[in-house]
Amino acid sequence: MARRRRGVSEPVTEEVDGGLAELVPDRDRPRGRTLLVNGAPQSHVDLDDPTFLDFEYQRRLGHIADLAAPPGRPLHAVHLGGGAFTLGRYIAATRPRSTQQIVELDARLVQLVRRELPLESGWRIRVRSGDAREGLGKIPDGWAGLVIADVFGGRRTPAHLTSVEFAGEVRRALGPGGFYAVNLADGPPLSHLRAQIATVRAVFPEVCLVADPAVLRGRRFGNAVLLASDRQLPVAELTRRAAGDPHPGRVEHGRALVDFTGGARPVTDAGAQPSPVPPEDVF
């Protein structure tokens, strides 16, 4: 049952399938809200400006969405992991007439977000409640121009979303030249991150990575965004955009990315493990 304080600018808290969800007002944006689940920040949304991306990793996913096709051209996009539908809103605003599907496991979270942070009626966004891999399996071959995976349950990416077999399903759903972008979280010694790079490289011929240099050096736990495709990636433009972010990111590609991977082996379903548990002080 929802527990709501009085006042438009007060937080909203509600039990969802994954625990306790909170929608916390943004002091700087009258209709901005940050979604937290069990105290961990998940998404930020500004209903007045869906093109505003507050979180570092979401800005990087936004750059990738911008570069997935010529400016303004509609996309077929699949979002694995919904949160507050931040990237779906962004694409709907920057690429009108895009057709999007969001797959989110937490049905009660979907209800909360739909009620408190409603999508605009003209947006072509379909939201499904269900497992990300099962939802991906329902996407027709070659339908998507962009697949974004941003899935965390209990602060960890489930094991069955980290394998070569899963990456193969993503490639099946993508059309020629489509982009696959995945949000990863890891800390020293970066074993999970390196293994995920190797896993995606086993399926896609072109891969690059964008992250905070401190994360890449193994100095702290944090997010890294991996981009893959069957076509040449816009590395130079992504590098320029990431360098201009409020928290500048570095892009690794080619030989440098191979060296960073350090001989890590691809992950299969048989040996897949969830992503590491973040340290408590991260949040």
Side-chain angles (χ1 to χ4, degrees), residues 16-18 42-43 61 64-65 68-69 74-89 91-92 95 98-111 113-114 119 123-185 192 195-207 225-231 266-275:
V16 296
D17 297 336
Q42 301 290 320
S43 304
L61 290 171
I64 290 168
L75 272 177
H76 284 183
V78 178
H79 305 263
L80 304 177
F85 316 153
T86 303
L87 270 299
R89 300 170 197 269
I91 291 172
R95 297 183 177 278
S98 290
T99 302
Q100 304 184 72
Q101 298 192 41
I102 297 173
V103 184
E104 169 57 53
L105 182 62
D106 194 323
R108 293 168 69 188
L109 177 61
V110 168
Q111 293 173 358
V113 172
R114 280 188 176 279
L119 297 169
W123 289 346
R124 300 175 180 178
I125 300 177
R126 178 182 180 183
V127 184
R128 296 178 175 178
S129 297
D131 175 78
R133 188 159 168 175
E134 292 179 4
L136 179 64
K138 297 176 182 178
I139 302 297
D141 293 0
W143 182 84
L146 174 65
V147 174
I148 297 175
D150 182 18
V151 185
F152 290 87
R155 303 183 181 182
R156 306 175 75 182
T157 300
H160 69 298
L161 306 181
T162 67
S163 67
V164 169
E165 291 89 344
F166 172 71
E169 269 295 288
V170 173
R171 186 161 186 184
R172 177 200 60 77
L174 285 169
F179 279 4
Y180 172 42
V182 53
N183 178 34
L184 303 167
H192 174 72
Q196 286 305 290
I197 297 168
T199 299
V200 174
R201 287 185 69 242
V203 177
F204 289 90
E206 294 291 329
V207 179
V225 172
L226 192 62
L227 170 62
S229 183
D230 63 357
R231 67 172 166 99
V267 176
T268 65
D269 279 342
Q273 299 289 328
S275 63

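Heads up: numbering here begins at 1 and tracks the sequence.
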Requested in this report: Run the numbers on V182 and I148 for side chain to side chain contact (heavy atoms under 4.5 Å, CB included), then give the verdict.
Outcome: CA-CA 6 Å; V182 53; I148 297 175; over 6 Å; no

Query raised in the report: Considering all heavy atoms of both residues, which atom of L75 and which atom of S98 are nearest to each other, and what is their separation?
Result: N-OG, 2.9 Å

Report summary line: Rounded to the nearest 0.5 Å, the CD1 atom of I64 sits from the CG atom of L146 at a distance of 8.0 Å

Query raised in the report: Which pair of heavy atoms, one from A195 and one from V267, lies closest together, and at what distance?
Result: CB-CG2, 3.9 Å

Report task. Could you tell me whether a side-chain N or O of T157 sits under 3.5 Å from a main-chain N or O of V151, the two making a donor and an acceptor? Result -> yes

Query raised in the report: So, for V164 and T199, which heavy atoms are closest and what is the spacing to 0.1 Å?
Result: N-CG2, 3.4 Å

Requested in this report: Report the C-alpha distance between Q100 and H79 in whole Å, list the side-chain angles of each, state the deciding distance to 0.1 Å, and finish with yes or no for side chain to side chain contact (heavy atoms under 4.5 Å, CB included).
Outcome: CA-CA 8 Å; Q100 304 184 72; H79 305 263; 2.6 Å; yes

Query raised in the report: With side chains defined as the heavy atoms from C-beta onward, is the minimum distance between H192 and Q273 less than 4.5 Å?
Result: no

Report summary line: Here the gap from R108 atom CZ to S129 atom OG, rounded to the nearest 0.5 Å, amounts to 12.0 Å

Report task. With I102 as reference, evaluate V113, V78, V127 under the side chain to side chain contact (heavy atoms under 4.5 Å, CB included) test and give the passing residue. Result -> V127

**Report entry** Heavy-atom donor-acceptor pair, R201 side chain to A228 backbone, under 3.5 Å
**Finding:** no

Query raised in the report: Would a 4.5 Å heavy-atom cut-off, applied to side chains only, mark V207 and L227 as touching?
Result: no

Query raised in the report: Partners of R133 by salt bridge (charged side-chain N to carboxylate O under 4.0 Å, His left out), sequence neighbours excluded?
Result: D269

Requested in this report: With side chain to side chain contact (heavy atoms under 4.5 Å, CB included) as the test, would you mind laying out the steps for F152 and N183 before giving the verdict?
Outcome: CA-CA 10 Å; F152 290 87; N183 178 34; 3.5 Å; yes

Query raised in the report: Can you find a pair of side-chain heavy atoms, one from E104 and one from R128, that are under 4.5 Å apart?
Result: no

**Report entry** From Q111 atom CD to D17 atom CG, the distance as rounded to the nearest 0.5 Å
**Finding:** 8.0 Å

Report summary line: Rounded to the nearest 0.5 Å, the CD1 atom of I91 sits from the CZ atom of R124 at a distance of 14.5 Å

Report task. Take atom CZ of R95 as the centre, draw a 6.0 Å sphere, and report whether it contains more than 12 heavy atoms from other residues, nucleotides or ligands. Result -> yes

Query raised in the report: Given the rule in the side chain to side chain contact (heavy atoms under 4.5 Å, CB included) test, do L174 and V147 qualify, once you have shown the distances and angles that lead to the verdict?
Result: CA-CA 7 Å; L174 285 169; V147 174; 3.7 Å; yes

Requested in this report: Search all heavy atoms of V110 against all heavy atoms of F85 and return the closest pair with its distance.
Outcome: CG1-CZ, 4.3 Å

Query raised in the report: Going by heavy atoms in the side chains, are L80 and F166 under 4.5 Å from each other?
Result: yes

Requested in this report: For residues W143 and T99, report the shortest heavy-atom separation together with the two atoms involved.
Outcome: CH2-O, 3.6 Å

Report task. Give a yes or no on whether the backbone of G18 and the side-chain of D106 come within a donor-acceptor separation of less than 3.5 Å. Result -> yes

Query raised in the report: If you measure from CG on L105 to CG on D131, what distance do you get to the nearest 0.5 Å?
Result: 6.5 Å

Query raised in the report: So, does D230 use its side chain to make a donor-acceptor pair with the main chain of G177 at under 3.5 Å?
Result: yes

Query raised in the report: Looking at Y180, does the NZ or CZ of R171 lie under 6.0 angstrom from its six-membered ring centre and within 45 degrees of the ring axis?
Result: no

Query raised in the report: Could you give the distance from CG (L109) to CZ (R114), rounded to the nearest 0.5 Å?
Result: 11.5 Å

Report task. Measure across P205 and S229 and return the closest heavy-atom pair with its distance rounded to 0.1 Å. Result -> CD-O, 3.4 Å

**Report entry** Exceeds 12 heavy-atom contacts within 6.0 angstrom, atom CZ of R231
**Finding:** yes

Query raised in the report: Do V225 and L184 touch side chain to side chain, with heavy atoms closer than 4.5 Å?
Result: no

